[in-house]
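So the structure is just underneath, and the comments pick up after that.
Heavy-atom basis, side chains included; hydrogens, waters and symmetry copies ignored.
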Amino acid sequence: MADPPSILSPPLNNNDQLPSQSPITTISAAIPILLLVATWYFSVKRSKSRAPPPPGPRGLPIVGYIPFLAGDNPLHRKFADLAAQYGPIFKIWFANQMFVVVSSPDLTKEVLLRGGQNEPIFSTRGFPAAAGVCTYGGTDVLSLPMGHDWKSMRKLLVRETLSNPALDLCFPLRRRELVRSLREVISNELVGKPVGVYELTYKIVSNATLGMLWGGEGDQFCFEELRVVSQEVMEINSRPNVSDMFPLLARFDLQGILKEATAVAQRLDWVFSSVIERRLEGGKLKKQGEGEKRLKDMLQILLEIREDSENAGSSSLASMTHLKAILQDIATGGTENISNVIEWALSELLMNDRVMKNVKRELDEIVGLDSLVEDHHLKNLNYLEAVVKETCRLHLNLFPRLSTAPSTLGGYAIPKGSMVIINAWAIHRDPQFWDEPSEFRPERFLNKDDDKRPFDLMGNNSNFQFIPFGSGQRICAGANLAGKLLRYVLASLLHSFDWKQPDGAEKIEFSDYYKIFIKKKKPLMAVPTLRLSSQDLFA
Ligand code: HEM
């Protein structure tokens with residue numbers, strides 16, 4: 001009887017002339033092939049599912065691309081050059097941190113609208129070590145990561161302190177400081193002499209801001225000290241710090257930047273503490289309306305909210321530190337930025353007779369030479385507003401967002417911890433979206449014949465082509481105030497004085513450099529002459 005078939009030795013037909021090979025050898029031979037096929041399959045699958053890193057230039061070991069960023073070409077322009085080479089998203093390494101630079105409206109939209117409360121991917125900023133020291137340990141609105149604290153602080157800042165009704169109420173406070181500063185131009189005999197426009201504007205904007213913050217009592221307590229300290233804070237924060245590039249070295253504070261920042265932070269805190277102490281008068285807040293006549297300033301608003309929430313047992317302003325952090329956001333948040341924009345605007349106007357004439361014509365019609373600019377005039381100064389927008393388009397800015405989770409952007413992998421930089425400067429000058437982008441032409445922001453609404457200062461309707469204040473949940477918290485101050489201060493300077501270049505001055509130079517903001521390399525000097533019907537208007 002034939003043996004039963006065995007899987008080890010299957011029956012062979014007599015006619016079979018097969019080589020004498022066992023099944024075990026057959027399977028062994030197949031294994032490497034199977035492995036090869038599997039490896040190929042999984043590597044194709046993985047390369048499809050895992051996005052590549054963004055393109056970008058090579059750097060050097062350890063320091064990355066840092067040495068190539070030195071030189072005369074400022075950061076925003078160098079980034080625009082790299083975008084022309086590598087595309088609207090590229091990466092560079094700053095020591096051991098990846099920076100991803102974005103220069104298109106579509107990708108910007110993806111960054112700024114991504115995430116949100118539940119999945120905050122690019123909704124946090126990250127800040128240098130020195131900034132943390134100067135912002136009460138990163139507890140201000142600018143530095144806080146998304147979350148409960150940020151939400152309640154931002155609500156207090158935007159909805160309570162800088163809302164339209166609150167800003168309307170404190171117009172007399174900013175007006176008083178602005179008129180005081182304009183009066184000083186006359187009393188210090190600066191009329192007819194060359195004036196540093198940035199310094200003058202910085203003083204006006206800072207006094208107007210501090211007036212709204214705690215000038216309700218009518219005095220200028222600590223204005224000068226805060227102005228000096230704020231400038232030092234900005235200066236320290238703009239210095240490249242080895243501790244930020246190599247966190248392992250941070251504890252050695254090799255450049256002494258943290259030490260300096262700590263000293264400045266103490267002076268800043270002294271100012272805020274003294275201001276609050278004066279207002280509390282023996283620990284008790286004097287409510288508005290009691291006692292002498294005074295205007296309700298922002299400090300009063302914040303202290304009243306704090307007192308009310310304490311009385312109600314809630315913690316909307318949990319500590320004095322939070323309150324001081326909010327004061328700081330307002331006091332130092334925008335003064336430098338606003339002064340920069342006004343210096344650029346006046347430079348553009350002095351080089352552009354036609355636009356200057358249009359602005360003045362509008363001021364004469366709406367305000368008239370027998371009056372100072374008032375709050376109610378601003379909504380009718382459409383051409384001036386277009387001048388502000390056009391200046392913002394040409395001379396702003398880079399701003400950062402931190403990637404807090406691994407993600408993809410434009411099809412590229414963005415690791416957690418990467419810093420995403422939006423190059424608004426490049427987007428604002430992209431010829432795909434702007435006709436003759438380097439021309440100063442405010443008309444592009446005026447109502448057009450077609451029914452497309454013009455972009456507003458917040459970038460609404462612009463589909464991310466115009467983003468001077470950023471966008472999304474972390475859009476500039478001071479945009480409302482900044483818009484009002486930009487228009488009010490510029491309109492007042494142009495309405496009160498005629499401006500010209502000093503005799504024999506060279507043509508105005510438009511070269512710039514980057515130091516937190518895009519700044520004019522050669523500060524603008526200009527000569528004011530009185531324009532209004534009477535000096536008594538400044539009384
Ligand atoms: C010309 C003036 C100003 C410009 C161009 C400007 C621009 C910006 C930009 C681009 C951002 C980042 C937005 C984003 O990430 O999407 C920002 C954030 C911020 N700005 Fe301004 N800003 C100005 C004035 C001010 C003023 C006057 C204040 C003071 C209240 C202020 C306070 C802030 C704060 C607190 C943030 C952080 C908001 C957050 O993270 O929630 N800014 N600003």
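- Atom CD1 of Ile342 sits about 13.0 Å away from atom OH of Tyr202, to the nearest 0.5 Å.
- Here the side chain of Trp344 pairs a donor or acceptor atom with the backbone of Ile518 at under 3.5 angstrom.
- At distances below 3.5 Å, not a single donor-acceptor pair connects side-chain atoms of Ser407 with backbone N or O atoms of Ser403.
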Salt bridge (charged side-chain N to carboxylate O under 4.0 Å, His left out) between Lys324 and Asp269, worked out: CA-CA 8 Å; Lys324 288 180 195 169; Asp269 185 56; 3.0 Å; yes
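- With Phe171 as the aromatic partner, Lys484 does not meet the cation-pi criteria of under 6.0 angstrom to the ring centre and within 45 degrees of the ring axis.
- Screening His76, Lys519, Lys520 against Asp512 for a side-chain hydrogen bond (donor to acceptor under 3.5 Å, both in side chains) leaves a single residue, His76.
- At distances below 3.5 Å, not a single donor-acceptor pair connects side-chain atoms of Glu177 with backbone N or O atoms of Gly211.
- Remark: the backbone N or O of Phe122 is paired with a side-chain donor or acceptor of Arg401 at under 3.5 angstrom.
- The main-chain N or O of Phe466 is never found under 3.5 Å from a side-chain atom of Arg393 such that the two would form a donor-acceptor pair.
- With Arg125 contributing its side chain and Leu142 its backbone, the two residues share a donor-acceptor pair below 3.5 Å.
- Taking NE2 from His395 and NE2 from His428, the interatomic distance works out to 12.0 Å, rounded to the nearest 0.5 Å.
- In this structure, Gln255 contributes its side chain and Pro240 its backbone to a donor-acceptor pair below 3.5 Å.
- Of the possible polar contacts, one joining the Asp253 side chain to the Lys259 backbone as a donor-acceptor pair under 3.5 Å is found.
- In terms of heavy-atom proximity, Ile305 sits nearest to Glu160 at CD1-CB, 3.6 Å.
- Arg278 forms a cation-pi arrangement with Phe221, by the criterion of a distance under 6.0 Å to the ring centre and an angle within 45° of the ring axis.
- Looking only at side-chain heavy atoms (C-beta outward), Ile422 and Ile427 come within less than 4.5 Å of each other.
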